[in-house]
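Each remark here refers to the structure printed beneath this line.
Note that these values count all heavy atoms, side chains included, but never hydrogens, waters or copies made by symmetry.
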Amino acid sequence: MRNTMLLLVGLSIVVLITTSSVSDVNDLCDSPLVGGHSGAPGSPGCEYCHGGTPNTGTGNVTFDLGNGITQYVPGEIYDATVTVSQADLDKYGFVITARKSTNASVGDFILIDSINTRKFTEAGKKYFGHTPCGADALAEGSRTWNFQWTAPAIDEGVVTFYLSSLAANHDHDLTGDQVYALTKTLDIATGTVNSTKIEDVKVFSNPEQDEAIILLSNDWINANLTLISADGRNIHIISPSTPSNRISIRKNDWNLSEGIYLIKVQLAEQVVIKQIILL
């Protein structure tokens with residue numbers, strides 16, 4: 001607040017300004033955006049800025065994916081939750097990434113809460129983490145974030161999640177904060193096979209009709225089919241209601257663009273992935 005008083009002295013104008021002091025308060029949503037500090041190979045964790053040794057504090061971090069799954073099915077979407085806890089603190093953060101054995105990003109994160117979480121790319125790698133407002137705890141002691149993860153559309157082998165998190169005392173200083181980190185490993189689901197080894201499912205292109213034809217040796221009544229875009233998005237789910245071993249996917253009927261797609265066929269515990277091209 002500023003109070004200004006004008007004093008007229010002769011032909012001169014004297015301006016006296018007094019300024020009241022402003023207290024330093026911990027405003028909400030004042031946490032900085034952080035980069036890919038997930039602790040993945042080649043990337044530092046939160047300790048890079050905040051110091052200390054991960055997992056030596058009195059708190060902890062948990063990461064739940066798909067209610068505790070240990071294997072992934074290609075193309076499936078799983079609910080995910082990250083929670084960081086430490087008593088008497090009210091500022092938290094996290095960064096997570098998913099990598100295959102070559103250290104390349106795999107799968108994709110799905111944003112369901114744009115106020116408190118964000119997805120971003122850094123140096124060609126995919127990450128997910130908190131926003132400035134998402135660092136603020138609703139009550140002292142813990143902070144939880146919810147999102148989803150889409151498994152890769154094909155068998156990518158072992159997938160490892162790298163998660164680094166922070167519990168901070170919000171004193172605008174890097175001392176006194178605690179870092180918590182973990183990794184989670186998923187293997188390809190039992191019974192999931194690479195489509196190049198399966199003879200039951202056959203795909204044919206019919207450019208004259210702008211369609212792809214999918215043939216299965218058994219009736220489709222027992223199968224679940226999902227059409228997946230090249231970037232891993234589920235576009236259509238097909239659940240045949242009558243016995244048939246032939247399905248036609250027409251570009252015009254389904255409002256599809258030209259390009260490469262994947263068709264995922266799930267029969268009992270077996271998953272088959274095939275590539276189709278629509279011209």
Side-chain angles (χ1 to χ4, degrees), residues 30-57 59-66 69-70 72 78-86 89 91-114 116-136 143-154 156-170 172-188 231-232:
D30 62 351
S31 294
L33 287 174
V34 297
H37 294 176
S38 62
S43 302
C46 294
E47 70 274 10
Y48 179 76
C49 293
H50 294 265
T53 302
N55 302 325
T56 56
N60 70 292
V61 60
T62 60
F63 170 45
D64 179 71
L65 181 67
I69 63 167
T70 58
Y72 68 91
Y78 299 99
D79 292 331
T81 302
V82 169
T83 299
V84 184
S85 303
Q86 185 167 333
L89 297 184
K91 205 78 166 179
Y92 304 90
F94 80 103
V95 176
I96 191 171
T97 187
R99 307 284 178 87
K100 58 183 180 179
S101 60
T102 61
N103 201 31
S105 290
V106 66
D108 197 15
F109 296 103
I110 300 176
L111 184 69
I112 61 176
D113 178 6
S114 60
N116 296 301
T117 56
R118 68 183 185 115
K119 55 186 294 185
F120 60 98
T121 301
E122 183 177 279
K125 301 292 195 299
K126 298 177 182 179
Y127 297 92
F128 198 88
H130 69 281
T131 61
C133 280
D136 298 312
R143 183 68 165 98
T144 296
W145 303 269
N146 298 301
F147 53 99
Q148 292 177 315
W149 180 71
T150 303
I154 60 176
E156 295 284 8
V158 174
V159 174
T160 302
F161 291 87
Y162 298 90
L163 168 64
S164 185
S165 67
L166 181 72
N169 54 21
H170 203 185
H172 297 279
D173 188 274
L174 300 182
T175 60
D177 301 335
Q178 295 291 337
V179 175
Y180 302 102
L182 60 78
T183 60
K184 180 180 180 65
T185 301
L186 301 181
D187 204 344
I188 188 73
D231 60 359

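- Asn169 approaches Leu89 most closely through the heavy-atom pair CA-CD2, 3.7 Å.
- The heavy-atom pair separating Glu47 from Gly52 by the smallest distance is CB-O, 3.7 Å.
- Between the side chain of Tyr92 and the backbone N or O of Gln86 there is at least one donor-acceptor pair closer than 3.5 Å.
- Shortest non-hydrogen contact noted between Ile112 and Asn146 is CG1-O, 3.4 Å.
- With values rounded to the nearest 0.5 angstrom, Leu182 atom CG is found 7.5 Å from Ile96 atom CD1.
- Listed by chain and number, the residues in a salt bridge (Lys or Arg N to Asp or Glu O under 4.0 Å) with Lys125 amount to none (sequence neighbours excluded).
- Here the closest heavy-atom approach between residue Gly107 and residue Lys126 is recorded as O-NZ, 3.3 Å.
- Side chain of Asn60 to main chain of Tyr180: no donor-acceptor pair is present (N/O by atom type, distance under 3.5 Å, no hydrogens or angles).
- How far CD1 of Ile110 is from OG1 of Thr150: 3.0 Å, rounded to the nearest 0.5 Å.
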Practice prompt. For the pair Leu166 and Val84, evaluate side chain to side chain contact (heavy atoms under 4.5 Å, CB included) and give the outcome as yes or no after the intermediate values.
Written response: CA-CA 7 Å; Leu166 181 72; Val84 184; over 6 Å; no
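- Under the 4.5 Å side-chain criterion, counting only non-hydrogen atoms from C-beta, Leu65 is in contact with Leu186.
- For the atom pair Ile69 CD1 and Asp187 CG, the distance stands at 11.5 Å (nearest 0.5 Å).
- Evaluation of the ring pair (Phe, Tyr, Trp, His ring centres under 6.0 Å) rule for His130 yields no partner, not counting sequence neighbours.
- Between Val61 and Val82 there is a side-chain heavy-atom pair separated by less than 4.5 Å.
- Between Val106 and Tyr72 there is no side-chain heavy-atom pair separated by less than 4.5 Å.
- When every heavy atom of Pro132 is checked against every heavy atom of Leu33, the shortest pair comes out as CD-CD2, 3.3 Å.
- Residues Val179 and Ser164 are in side-chain contact: their nearest non-hydrogen atoms beyond the backbone lie under 4.5 Å apart.
- For Arg143 (side chain) and Gly134 (main-chain N/O), a donor-acceptor pair under 3.5 Å exists by modelled atom type.
- With rounding to the nearest 0.5 Å, the separation of CZ in Arg118 from CG in Asn116 is 13.0 Å.
- The side-chain heavy atoms of Asp113 and Trp145, taken from C-beta on, include no pair separated by under 4.5 Å.
- How far CG of Asp79 is from CD of Gln148: 5.0 Å, rounded to the nearest 0.5 Å.
- Residue Phe161 forms a ring-ring contact (aromatic ring centres under 6.0 Å, His included) with just one option from Tyr78, Phe94, Phe63, and that option is Phe63.
- Under the rule for a salt bridge (Lys or Arg N to Asp or Glu O under 4.0 Å), Lys184 has no partner lying at least two apart in sequence or in another chain.
- Checked by atom type and distance alone, the side chain of Asn103 pairs as donor or acceptor with a backbone atom of Pro41 at under 3.5 Å.
- Taken from CG in Leu163 to OG1 in Thr183, the straight-line distance is 9.5 Å, to the nearest 0.5 Å.
- Looking at Tyr127 and Phe109, their side chains never come closer than 4.5 Å, going by heavy atoms from C-beta outward.
- Using a distance-only test at 3.5 Å, with no hydrogens or angles considered, a donor-acceptor pair links the side chain of Glu122 to the main chain of Gly36.
- Contact check for Thr97 versus Ser105: side-chain heavy atoms found under the 4.5 Å cut-off.
- Between Asp177 and Lys91, none of the side-chain N atoms (NZ, or NE/NH1/NH2) sits under 4.0 Å from a carboxylate O, so this pair counts as no salt bridge.
- Between Gln178 and Thr56, some side-chain heavy-atom pair lies under the 4.5 Å cut-off.
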